[in-house]
Amino acid sequence: MSEKLSADSRCEQRGDEKQDTQEKEAVVPERAEEAKLKAKYPNLGQKPGGSDFLMKRLQKGQKYFDSGDYNMAKAKMKNKQLPTTGPDNNLVTGDHIPTPQDLPPRKSSLVTSKLAGGKNSIPRKDRVLRAEEWTLGGLTLCLLVQ
Amino acid sequence: MFLKFSLRSIFYGAGGGGNDIQWCFSQVKGAVDDDVAEADIISTVEFNHSGELLATGDKGGRVVIFQQEQENKIQSLSRGEYNVYSTFQSHEPEFDYLKSLEIEEKINKIRWLPQKNAAQFLLSTNDKTIKLWKISERDKRPEGYNLKEEDGRYRDPSTVTTLRVPVFRPMDLMVEASPRRIFANAHTYHINSISINSDYETYLSADDLRINLWHLEITDRSFNIVDIKPANMEELTEVITAAEFHPNSCNTFVYSSSKGTIRLCDMRASALCDRHSKLFEEPEDPSNRSFFSEIISSISDVKFSHSGRYMMTRDYLSVKIWDLNMENRPVETYQVHEYLRSKLCSLYENDCIFDKFECCWNGSDSVVMTGSYNNFFRMFDRNTKRDITLEASRENNKPRTVLKPRKVCASGKRKKDEISVDSLDFNKKILHTAWHPKENIIAVATTNNLYIFQDKVN
């Protein structure tokens, strides 16, 4: 973690108060933090901060393994040339081609939540846990699951 | 003033506020072990309209519903305990092959419908699909068929000598959950909010760039009411972070943005509510601006007060109360953990600066609550202006043990019982909290455990 600052030495725990004075004093640590960050990552903030975070956020969940992409990337990596992308394309392409090792392991099979079972919660004694019903083309199926 | 007084006397136990109340441990749900499976991470907590039911959703796509015991209430030693009522798999992991997108089964939000008949209904959503679930009880079953044995085997008709009329007999209570509607394929981006309208017929769903209006009965279409996607994605500067319908006016809703603004829209004004009716934004002193300013101003949650007169927003360091009649600044601001301002560099590096904390009102709108790190949560009494920090921990495990207030020391001399900022565990975050609509009962979710606290009943 970061080293202590010489500025503020009060213990803080308060509700809303003199907003202005507090803001002025508070901003000194914020600027100091910014300087620290810029020192560590000098290239940060070249693009407007907004776009970078936002694009990353919008693309959450992008995962793919395409053997074509993978082989192309392996070949191109040797020449240190990454494929160019159009403005609308996924910014991650070409930069982070996943390898089989990078892919997350298979998710574990679906089990009952620990909030519903286990020694710390008490299921009602007079209840069968649950039944699920599906209607499949007019035919109603009922499955009793514990 | 008169109305406020009479409402107060009706609300059982909704007393003076965060500090007048003595909060006691009541229950904790979930596994004890420190090794948390990802699927067990709690992602949403919500009481139903009566407070009798408490629903949780997790990263594994499961919903667990707890029901408050009614029996103990008469004894008034403590309010009823919450026990498991129903649990079901709401969403399953999916893969969008066209876009190579993994669709997480994590439940982002649960919202209850008000009860209309014997069954309970709730909406649950993951990143892409909203589902309407019906939870119903079955305590009778038909017995005495002529052509079927009790175990279901069919009888040979030639062995039937007499006829009887099947009757309903009591059986062990069974709680069934069934998906009644599936609202899919309406969101390109990730759904962050759902909100049921006060007309109880429609609801909205919001993703990063769009908000859609649905009718609860109709699944094959929805109306787009807000679209902030720019023609050129390079020009994207802000996203929608939360949205909610007004509790009383069925034409009004608000949505918050990653830039710290809230827009109030009136659906009567036009079909597409791209132009807001009101814009709530606190002016910022440009000389105070830093790299972190925009990130920490991003609103992670917006909630209307029960009265509908105020709304509360949560950004990274504070909770703000806005009067709907005043757009240029909030009427109240509460610092949640101001001591983190001098740690923003590290919090940016470990991604904690992007944590999305939620906030909630108590039943009488006099106290607001939100979570923090180190399994701390905070309450602010709007009337007395006092605040309190409490901890959700198994160490205070005995029922009716009053929770000891906690205190964080930013720097300098640390008093006894205080904890220094550097000792805080940033992996122990309380993002989701809920307050019973009528009583002083709160549900606080740590990473994988659900704590229930109540005020001391004497």
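Any value given below was found using the heavy atoms of this structure, including those in side chains, with hydrogens, waters and symmetry copies removed. To find a chain, count down the sequence lines: A is the first, B the second, and so on, and within it residues start at 1. None of these values were measured; they are calculated from a predicted model.
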> Shortest non-hydrogen contact from B:Glu349 to A:Leu37?
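Shortest heavy-atom separation between B:Glu349 and A:Leu37 comes out as CG-CD1, 4.3 Å.
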
> Go through the structure and list residues passing side-chain hydrogen bond (donor to acceptor under 3.5 Å, both in side chains) with B:Glu38, not counting sequence neighbours.
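If we apply the side-chain hydrogen bond (donor to acceptor under 3.5 Å, both in side chains) test to B:Glu38, skipping adjacent residues, the hits are B:Lys59.
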
> Where on B:Asp96 is there a heavy atom nearer than 4.5 Å to chain A: the side chain, the backbone, both, or neither?
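No part of it gets close to chain A.
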
> Taking the side chain as every heavy atom from C-beta outward, state whether B:Asp58 and A:Leu115 have any atom pair closer than 4.5 Å.
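Contact flag for B:Asp58/A:Leu115 side chains = no.
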
> Pick from B:Asp40, B:Ile296, B:Thr188: which one has the most heavy-atom pairs with chain A under 4.5 Å?
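The answer is B:Asp40.
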
> With a 4.5 Å heavy-atom cut-off, do B:Ser293 and A:Glu30 have their side chains touching?
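Result yes, sub-4.5 Å side-chain heavy-atom pair found.
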
> Does the pair B:Leu344 and A:Glu34 meet the rule for a side chain to side chain contact (heavy atoms under 4.5 Å, CB included), with working shown?
CA-CA 8 Å; B:Leu344 292 178; A:Glu34 183 177 4; over 6 Å; no

> For B:Ile65, is it the side chain, the backbone, both or neither that has a heavy atom under 4.5 Å from a heavy atom of chain A?
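Neither part.
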
> Name all residues meeting the side-chain hydrogen bond (donor to acceptor under 3.5 Å, both in side chains) criterion together with B:Thr56; count only those two or more places apart in sequence or in a different chain, and write none if there are none.
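Scan of B:Thr56 (side-chain hydrogen bond (donor to acceptor under 3.5 Å, both in side chains), adjacent residues dropped) gives none.
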
> Can you tell me how far apart CD (A:Glu33) and OG (B:Ser290) are? Round to the nearest 0.5 Å.
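If I round to the nearest 0.5 Å, the distance is 9.5 Å.
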
> Find out whether B:Asn449 and A:Lys114 are in side-chain contact, i.e. whether some heavy atom of one side chain is under 4.5 Å from a heavy atom of the other.
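No, every pair of side-chain atoms sits at 4.5 Å or beyond.
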
